[in-house]
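Below: the structure, in C-alpha cells.
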There are 2 protein chains.
Amino acid sequence: MTPRAQTRDPELTRTRILDAAETLFVAQGFSAVKLSELARSAEVTKSLIHHHFGSKEQLWEAVKNRAFERYFTAQMAMLEEAGEPDAALLRRSVEAYFHFLRDNPGVVRLFAWTHLEGDSHCGELDNQLVGAGAEWVRQAQSRGLLRKDINPTHVIAMFVMTCTQWFEAKCHHQHWPGMGSDAAFLEDFLKIFMEGVTPRE
Amino acid sequence: MTPRAQTRDPELTRTRILDAAETLFVAQGFSAVKLSELARSAEVTKSLIHHHFGSKEQLWEAVKNRAFERYFTAQMAMLEEAGEPDAALLRRSVEAYFHFLRDNPGVVRLFAWTHLEGDSHCGELDNQLVGAGAEWVRQAQSRGLLRKDINPTHVIAMFVMTCTQWFEAKCHHQHWPGMGSDAAFLEDFLKIFMEGVTPRE
DNA sequence: GCGCTAACTGGCCGGCCGGTCAATTAGCTA
DNA sequence: TAGCTAATTGACCGGCCGGCCAGTTAGCGC
C-alpha cells in the first residue's frame, strides 16, 4: 500500500470503507466478502478497517444501519408528502414504492440478505412506516374509499411484498414465458390490486 | 472419525451428505458453510464428500438440483390433479401453493439464496409450470371466468411472488403492527386477488 | 513550537479453509 | 477364493482468512 495523499480525513475514510463494503456485501453477502478484497476496493489497509469498525461483523452492522436509515428517511419523506387521503393516493403510493425499489436495487438485496440471516432489526425499523400506512388505509376504509373487510396492514404488506419480490427474484422469473416489462407488470398488478381493494356497492 | 458400521452403502452415503448439506446450505448459504462442519454433521469424512461430489461448488449444485426437482415434481402433480377450469380453481391453486411453501420452508430459502446468487437455472426449470398456469388463465379468460385485460403470466407471477415473499421475509414483517397469521393473511390476499381478477359486467 | 491523540501502515500470526493423496478394505464377480 | 473396483480413511498441504500489534506520523489544542 503506497501511502496516499498526505492529508488525513477519518470521516472520508469511514465513508470510503462503508461505500466499498456496501457494494461488496450487496453483491456477495456477508460471508463471501474477504476483508483483503474490501481493503483493496476501498483503497485502504486492512488494519484501517479494523481501526474504524472493529471487526467484519461490526462493519456489516454499520453498512446495514446506514442503508436502512437512508431507506427509512426516503420512505418517511414519501409518506409525508403524500397529503390528504383521496382515491388515487394508494395507487400513487404503490407506484412510488415500486419505482423506489427499481432505482435502489441495493436496498432490495440488502433486505434479502438480512431476511436470510433472520435479522429482524430492519423489519422493526419500518414499523412506523407500516403503522402510518395502515392508519391511512383505515381512514380510507371508514370514508368508504376502500373496502372494509380487510386488515389494513395486509393491504400495505401485499403491495410491499409484491414489489420487493419482483425485484428480488428478477433473475428467477424474468425469462418466464409471457412475462412483461417492469412497467407492464406494475400496470397489471395495479389493475388487480386496485380493483380488489375498491368497495362494491 | 471412528469407523462406522462395517457395511458400505454408497447410495446412502450420498444421500446422507446431500441431506446434511441441504440443511446447512439452506440455513447459512453457500459460502458460510464449512466442509468440516458439514462432514461432522453428515457423520462422514471430508474426503468422502470430495470423493462423491468433487468439490463444494458441485455439491451445492447437486443440492439445488435435487431440491428443485422435488419442487418441480410436487408442483407438476398439483397441476395435474387440478382438473377442469372452473371459477374456484384459481383460488384453490393459490391456497395449495401457499400451503406448499408453508410446509417446505427449505425450498423458499433455497430459492432466495439462488436469487441472490443470480442463478437463473431454477427459474428456467419452472417455465413449464408457469407456462401451463398461464395457459389455464388464458382459457379461463376466454370463457369469461377471469377478466381479459391482464397478461396471464402476470396473474401467476403475482400470487407466486406474494406467497414466496410472505414466507421468505417472515422475520421482517411478522412483527409489523396489526399483522395477522398465515391463514389471516392468505384470506385477505385472496379477497383482494380474487376480486381483482374477476370480470366486471 | 510542543506534545498528545488517533489516523494510518506494514508485517505478522494462528488457525482453518478447501482440497489431495496414498493406503486400507468392503463387496462384487468370475 | 482370488482379484478387481470403488468406498472409505486419516494424514497432510498450501494458501489465505480475520485479526493483532508495534511503530510512524498528521493534525489539533495549548
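Keep in mind it's a predicted model, so treat the numbers as computed, not measured.
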Let's test your reading of the model: under 3.5 Å, does the base of C:dG19 pair with the side chain of B:Lys46 as donor and acceptor?
yes
Under 3.5 Å donor-acceptor pair, B:Ser47 side-chain atoms to D:dG10 base atoms:
yes
Please tell me which of the listed nucleotides, [options], lies nearest to the side chain of [X]?
| X | options | value |
| --- | --- | --- |
| A:Leu48 | C:dT9, D:dT24, D:dG18 | C:dT9 |
| B:Lys56 | D:dG10, D:dA26, C:dG18 | C:dG18 |
| B:His50 | D:dG27, C:dT20, C:dG10 | C:dT20 |

Can you tell me how far [atom2] of [N] sits from [atom1] of [X], to the nearest Å?
| X | N | atom1 | atom2 | answer |
| --- | --- | --- | --- | --- |
| A:His51 | D:dC20 | NE2 | P | 14 Å |
| B:Arg8 | C:dT24 | CZ | P | 13 Å |
| A:Arg40 | D:dG18 | CZ | P | 11 Å |

Result of checking A:Arg16, A:Arg70, A:Arg109 against A:Glu22 for salt bridge (Lys or Arg N to Asp or Glu O under 4.0 Å):
A:Arg70
Result for side chain to side chain donor-acceptor pair (under 3.5 Å) between B:His115 and one of A:Glu168, A:Lys170, A:His172 points to A:His172
For DNA chain C, find the residues of residues 22-35 of chain A with a heavy-atom distance under 4.0 Å and give them by number; none if there aren't any.
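Residues of residues 22-35 of chain A under 4.0 Å from DNA chain C: none.
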Residues which pass side-chain hydrogen bond (donor to acceptor under 3.5 Å, both in side chains) with B:His173, listed by chain and number, not counting sequence neighbours
none
Could you note down all residue pairs passing side chain to side chain donor-acceptor pair (under 3.5 Å) where residues 96-105 of chain B supplies at least one of them, sequence neighbours left out?
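Non-adjacent pairs meeting side chain to side chain donor-acceptor pair (under 3.5 Å): B:Tyr71-B:Tyr97.
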